[in-house]
Amino acid sequence: MATKIRFLPTPIIVLILTIFLNSSLTQSGPTPTYNVLGFGAKSDGRSDCTKSFLSAWAAACASVQPSTIYVPPGRYLIGAVEFSGIACKSSGITLRIDGTLVAPSDYNVLGRINTWIKFERTNGLSILGGTIDGQGAGLWACKNTHKHCPRGTQSLGVYNSNNVLVNGLTSLNSQFFHIIIDGCNNIRLIGMTISAPAESPNTDGIHVQSSSGVTIMNSHIATGDDCISLGPGCSNVWAESINCGPGHGISIGSLGSSVQEPGVQNVTVRTVTFTGTLNGLRIKTWAKPSNGFVRGVLFQHATMVNVQNPIIIDQNYCAKGTGRCSGQASGVRISDVTYQDIHGTSATQVAVDFDCSKKYPCSGITLQDVHLSYQDQPATASCVNAGGTSAGLIDPRSCL
Ligand SMILES: *[C@@H]1O[C@H](CO)[C@@H](O)[C@H](O)[C@H]1NC(C)=O
């Protein structure tokens, strides 16, 4: 071998050396991989790995090529982290997680921090696999006994980022919301498993706001609050093949809490099974002045299993003790909302409830092939300030 190499031209030797050196930097695949264990992380669930994770991010971020951060099996205790893409050279970072990221169980550590695991201004980020455990039980117990408690931290937040894929992530027992998407474009959340007990307060599954092009697919969400909620400024949202329950259902809103507010438009929610939830498909707005709107919504192919409010628009929301709004009308204009092929069982007699703004009645509501029953009896529909049409089999009889 050595004699052969001696006769190779210099450029070929350089090439061989380059390939050898590059392959020694990577563990697998063509991109550089940064294993958190190499940055001092310990998978014992007790050692604080915050700095190791941040160092691994800094290394991946400094890589000129797309790079991978790898988290092997095991439990990793981490405090609040912000992974910022602002100064990254890398055009795409992949975070491949085979282990579990664990929050401190004492809610006083993170309870007043907005987001535990935060991604800010990233582009081309992928988070593949993994489990994050918010260890929220202590905070829920505090909240459920009406003590003075912090709000709690959101488990995972993606902010002001573009082209993000989260695939196969499990989020357990968040203190507050499990996942928040805010200020983003082109985000895909696929194969998510989100789980917290029915009685855990404010543990919303996925909350999206001020974002466009958000796809949520093939996910199981069981929480103590909304499975998915869409706040102001959401557009081009697609949610498909979701199991929701327990929880409060899928909600557009609350909207209209501010006078000036961006609207929600072009939302498709299809093929969802709701099991034992408080609501199914809900639109909810505050009863006070706002320039917000909801338009272009398609709710299609939903199965309701013992859902208290399968189809509901509530424009008279007014939380107690949060300022006066009673007697006021919601300023949020709701139009062009279609319910198509919605069937199953309601846990209350009123299966379809449209309670719209007296100042801006809902318009262009369409019911098509809706079949909901209540304890083997006919369910009923209630319409206040709601206009639209119905087609196909409608049971309960449409009140539009
Ligand atoms: C509506 O949103 C979908 C994605 O959910 C997108 O494919 C479609 O182009 C959007 N339509 C308009 C008119 O923007």
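In listed order, ligands and their atoms are each counted from 1.
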**Q.** Sub-4.0 Å heavy-atom environment of ligand 1, residues by chain
**A.** N236, V237, W238, N266

(Q) Run the side chain to side chain donor-acceptor pair (under 3.5 Å) test against R151 and tell me which residues pass, sequence neighbours left out. (A) N114

Q: Linking directly or through intermediates, with side-chain heavy atoms under 4.5 Å: list the remaining ILVMFWY members grouped with F176, chain and number order.
A: F177

Q) N160 and E120: side-chain donor and acceptor closer than 3.5 Å? A) yes

Q) Judged by atom type as modelled, is there a donor-acceptor pair below 3.5 Å linking the side chain of S52 to the main-chain atoms of T50? A) no

Q) So Y76 and F53, would you call those rings parallel, tilted or perpendicular, with 30° and 60° as cut-offs? A) perpendicular

Q | Results of ring-ring contact (aromatic ring centres under 6.0 Å, His included) for Y34 - residues two or more places apart only | A | none

